[in-house]
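Here's the structure, in structure tokens; my notes come after.
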Amino acid sequence: MATQVILDAPAKLNLTLDIKGKRPDGYHELETVMHQISLADKITITQIPEGIEVTSNCPELPAGEGNLAYKAARTILDKHPGQGGVAIHIEKAIPIGAGLAGGSTDAAAVLKGINGLYKLNLSPRQLMSLALEIGSDVPFCLQGGTALARGRGEKLESLPLNMNFHFLLVKPSFSVSTAEVYGQFDLSKVKQKPDTRRFLEGWHHCDIISVCHAMENVLETVTAVRYPEIESIKKRLVKLGALKALMSGSGPTVFGLFRDKASARQAWFDFPAGKEKVFLVTSYDGRKANGRETSATGKPGIL
Ligand code: C5P
């Protein structure tokens with residue numbers, strides 16, 4: 001019987017992000033296209049007799065309740081008492097506080113991993129409901145691929161991956177708090193909204209130009225106004241050949257979408273070395289993360 005699973009936990013980009021208004025529960029009503037990319041953490045989950053232990057290669061990552069992977073393990077094991085415990089090792093590749101759902105994707109991998117390891121046989125629906133208890137981005141991370149998300153982020157409409165995109169990601173040296181960014185969001189300050197309908201039409205017709213024209217992120221009205229560096233990175237990416245440059249989620253990571261692999265690669269070489277972290281990534285198709293083949297257990301949906 002398996003006593004350990006190893007899973008890839010891919011990051012996401014928001015290709016569009018629109019906010020329709022504030023909800024009675026304090027959250028915001030979203031309409032956003034989320035897209036998994038090949039930048040991924042590696043999660044190793046091992047059965048232990050009891051308790052939850054979290055270790056990581058990243059010293060800044062909290063080991064207890066403040067870590068979404070811990071919270072995921074606690075949530076699923078508390079609801080299924082009588083099982084053993086888990087030791088979770090997180091090999092972090094996704095920057096923290098970056099707008100790339102690094103914590104949420106680790107949490108999704110832990111839910112999937114524990115469900116398989118302890119043969120809990122939870123249905124996708126049951127896992128989705130646990131995922132939403134942990135955070136708004138966790139249901140998407142659990143489902144994977146590309147999806148149009150509404151509600152808090154949990155109403156998911158899967159989009160087929162007809163194109164393989166090439167991105168350059170630039171993570172500034174600072175991080176932002178998602179709660180603070182949403183807290184400062186003011187709908188009246190929004191001048192450019194994404195055109196979600198045009199995005200979807202372009203997506204279904206593999207028309208990258210239409211897709212790019214339709215992409216916007218309304219949270220730039222908070223984060224990019226507070227940090228002018230974001231606008232300057234966007235301009236640099238466009239100068240280096242990006243068809244579109246946009247902030248992901250609440251930021252501060254900015255990504256450039258390129259026509260093909262060669263132009264993204266060229267921009268990666270040409271991006272001047274500085275304080276920022278730069279990543280050359282593609283759409284995640286379940287097979288390759290961080291430039292390596294994933295292990296059999298790392299394929300989404302196998303557990
Ligand atoms: O759900 P999660 O804890 O990941 O969300 C982090 C913060 O982002 C929330 O506390 C909330 O302030 C904000 N948020 C929101 N509306 C959403 C998702 C997140 O206001 N749909």
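All residue numbers refer to positions in the sequence shown, counting from 1. Every number for a ligand or one of its atoms is a count from 1 in the order of the listing.
- Looking from atom 13 (C) of ligand 1 to the surrounding protein, the closest heavy atom is Tyr182 CD1, 3.3 Å.
- The 12-atom threshold is exceeded at NE2 of His204, counting heavy atoms of other residues, nucleotides or ligands nearer than 6.0 Å.
- Given atom 1 (O) of ligand 1, the protein heavy atom at minimum distance is Ser136 OG, 2.5 Å.
- At a threshold of 4.5 Å between non-hydrogen side-chain atoms, the residues Tyr182 and Leu219 count as touching.
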Could you walk me through whether Lys12 and Asn14 satisfy the side chain to side chain donor-acceptor pair (under 3.5 Å) test, starting with their C-alpha distance in whole Å, then the side-chain angles of each, then the deciding distance to 0.1 Å, before giving a yes or no?
CA-CA 7 Å; Lys12 63 89 185 141; Asn14 297 84; 2.6 Å; yes
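- The closest approach between Thr178 and ligand 1 falls below 4.0 Å for a heavy atom of the residue.
- Given atom 12 (O) of ligand 1, the protein heavy atom at minimum distance is Ala179 CA, 3.7 Å.
- No more than 12 heavy atoms of other residues, nucleotides or ligands sit less than 6.0 Å from atom CZ of Arg259.
- Of the protein's heavy atoms, His28 N, 2.8 Å lies nearest to atom 16 (N) of ligand 1.
- Contact atoms of ligand 1 toward Leu30: 21 (N) (distance under 4.0 Å to a heavy atom of the residue).
- Residue Gly135 approaches ligand 1 through these ligand atoms, each under 4.0 Å from one of its heavy atoms: 1 (O), 4 (O).
- Summary of contacts: the protein heavy atom closest to atom 9 (C) of ligand 1 is Tyr27 CE2, 3.9 Å.
- Between the side chains of Glu31 and Thr196, at least one donor-acceptor pair of N or O atoms lies under 3.5 Å.
- Counting heavy-atom neighbours within 6.0 Å of Arg23 CZ, excluding the residue itself, gives a total above 12.
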